[in-house]
2 protein chains.
Amino acid sequence: MEKQTHLSWKTEPSPRLVRMAATKDPRPCSIADTLALVGEKYSLLVLREVCLGNGRFDQLVRNIGAPRDVLSTRLRRLVDAGILTKHAYSERPRRFEYRPTPAGLDLEPVLMTLKEWGDRHLHGNTGLPMIVEHDCGHELVPVVTCRACGDPVRHEDLTAHPQAPGWTLRGPVHP
Amino acid sequence: MEKQTHLSWKTEPSPRLVRMAATKDPRPCSIADTLALVGEKYSLLVLREVCLGNGRFDQLVRNIGAPRDVLSTRLRRLVDAGILTKHAYSERPRRFEYRPTPAGLDLEPVLMTLKEWGDRHLHGNTGLPMIVEHDCGHELVPVVTCRACGDPVRHEDLTAHPQAPGWTLRGPVHP
DNA sequence: TCAGATGGGTTTGTTTTTCCAACTCATCTC
DNA sequence: GAGATGAGTTGGAAAAACAAACCCATCTGA
C-alpha cells in the first residue's frame with residue numbers, strides 16, 4: 001500500500017529507516033471534511049449560540065468563554081464556509097449579528113447528538129444544564145433513525161462500504 | 001450581570017476601561033462538556049476508525065493522518081474518559097488495539113450526523129467517500145427524530161429551556 | 001458637556017499545542 | 001544479522017490559543 005517508498009529507501013539520504021509521519025493522504029471521509037470546517041475549538045459552540053439566537057459578538061464572548069480574537073477568526077471562517085451570515089441590525093452605530101444559514105441549521109443534528117451524549121454520560125440525565133422542548137409537547141430526546149426503514153440505528157446493524165482504497169470493510173465490530 | 005466590577009473601577013490600577021476577556025463562567029452546557037472530551041483535533045476521527053474496527057496505532061496514524069505524538073495523547077485521553085479501551089491482542093511482542101466502550105459507541109450518532117452533513121453539503125450526495133449500509137437493506141441516511149413522537153426534528157419545533165442564568169429563552173429563531 | 005460605557009472588533013506579547021522527523025526498543029522475518 | 005514492524009517517546013521549530021490592552025464610533029447620565 002505504501003510500497004512505492006520501498007524502492008527509494010536504499011538510495012535515500014537518511015542512513016536509517018525513515019518511517020513515514022502522518023501520511024499525507026488520510027482516508028477521504030465526510031466526517032473529516034465536516035470537522036475541517038466546524039471542528040476547531042469553539043466553532044460548534046458558536047453555532048449553538050447562533051441557533052439559540054444569541055448572535056452578537058459580546059453575547060458569544062460571554063456565553064462561550066472564548067477569547068475575542070479567536071472568536072473573530074472563527075466567525076470569519078464560518079461565514080466564509082457559508083454556515084453563518086452577518087446581519088447588520090443597526091446602522092449608526094453599525095452593529096452586527098451572526099445568524100445560521102440553512103446549511104448552518106443543518107448542523108443542528110450534530111449539536112443535538114452531542115448534547116444527548118453529554119446529558120446521558122456526563123450528567124446522568126439529572127440536573128441537565130438545558131432542556132429542549134419539542135413542539136409535540138415532550139422534552140426532546142433525539143434518536144437517530146434510518147430514513148429508509150425508520151428504525152433507530154444501532155452499531156451492529158451497520159456495514160461500511162468504503163469507496164476508496166485503504167479501507168477495512170467490516171460489519172459489526174464487537175467480538 | 002457583570003455589575004460587581006463597576007464599584008471597583010474607580011480605584012483599579014488600570015486607568016482605562018478594562019473589559020473582561022472571555023468570561024470564566026461560560027454557559028453550562030452538555031454540548032460544551034462533550035466537546036471538552038472529544039472535541040480536540042482528531043479525537044472524533046479516532047473514534048471513527050475504532051468504530052470501523054481499525055484500532056491499531058499504525059492504522060490510526062495512516063487512516064487519520066495525525067502526528068503520532070498527538071495521536072498518542074488523544075488515545076490516552078479517550079481511554080481515561082472511558083470512551084476507548086486498550087486491548088492486548090498479542091503478548092510477546094506486546095501489541096495493542098483500541099476499541100470503543102459502550103459510551104464510545106454511543107458517540108456514533110455524532111459521527112453519523114457529521115457524515116450526513118458532509119455528504120449533503122460538501123459532496124452533493126454524489127461520489128461519496130463511503131457508503132454505510134443499514135441492515136434493512138438500504139443505504140443509511142440518518143434522520144434525527146424525537147423519541148416521544150417519532151417525528152423528524154426541525155429547528156422551528158424546538159424551544160430551549162435553560163436551567164442556568166444568562167440564557168436567552170427562545171423558540172424559533174428565524175425572523 | 002463630557003466622563004464613562006457599549007458594541008464590535010484588532011493588536012501585542014506570552015504560553016500552549018501542533019507538527020515533523022528522528023529515535024527507542026522488543027520482536028519477527030528473510 | 002540486516003532490515004522491517006508495532007507502538008510508541010523525544011526534541012526543536014512553527015502555529016494557535018490566550019489575556020490584556022487598544023481602537024473607534026456612538027450613546028447615556030449627571
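What you see is a predicted model; the values in this text were computed from it and never measured.
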Taking [atom1] from [X] and [atom2] from [N], how many angstroms apart are they, rounded to a whole number?
X      : N       : atom1 : atom2 : value
Y42(B) : dA16(D) : OH    : C1'   : 13 Å
R62(B) : dC20(C) : CZ    : P     : 17 Å
R56(A) : dT6(C)  : CZ    : P     : 15 Å
E91(A) : dA25(D) : CD    : C1'   : 13 Å
E40(B) : dA16(D) : CD    : P     : 16 Å
R92(B) : dC25(C) : CZ    : C1'   : 13 Å
R94(B) : dC28(C) : CZ    : C1'   : 18 Å
D58(A) : dG7(C)  : CG    : C1'   : 6 Å

Nucleic acid contacts of residues 80-90 of chain B, taken as heavy-atom distances under 4.0 Å to DNA chain C: none
Of the options [options], whose atoms approach the side-chain atoms of [X] most closely?
X      : options                   : answer
P67(A) : dC19(C), dA19(D), dG9(C)  : dA19(D)
R95(A) : dT27(C), dA19(D), dA25(D) : dA25(D)
F96(A) : dG9(C), dA19(D), dT26(D)  : dG9(C)
K41(B) : dT26(D), dC19(C), dC18(D) : dC19(C)
R68(A) : dA25(D), dG6(D), dT10(C)  : dT10(C)

Side-chain N or O of Y98(A) closer than 4.0 Å to phosphate OP1/OP2 of dG7(C): no
Qualifying residues under side chain to side chain contact (heavy atoms under 4.5 Å, CB included), relative to H134(A), sequence neighbours excluded: C136(A), L140(A), C146(B), C149(B), D151(B), D157(B), L158(B)
Side chain to side chain contact (heavy atoms under 4.5 Å, CB included) involving F96(A) - partner list, sequence neighbours excluded: K86(A), A88(A), R94(A)
Crowding at CZ, R56(B) (>12 non-hydrogen neighbours, <6.0 Å): yes
How would you list, by chain and number, every residue that makes a side-chain hydrogen bond (donor to acceptor under 3.5 Å, both in side chains) with [X], sequence neighbours excluded?
X       : value
H138(B) : none
E139(B) : none
T113(B) : T113(A)

Sequence neighbours excluded - side chain to side chain donor-acceptor pair (under 3.5 Å) pairs with any residue from residues 69-78 of chain B: E40(B)-R77(B), S72(B)-R76(B)
Salt bridge (Lys or Arg N to Asp or Glu O under 4.0 Å) partners for E97(A), two or more places apart: R99(A)
Nucleic acid contacts of residues 69-78 of chain B, taken as heavy-atom distances under 4.0 Å to DNA chain D: D69(B), S72(B), R76(B)
Between NE2 on residue H123(B) and CH2 on residue W117(B), distance to nearest 0.5 Å: 10.0 Å
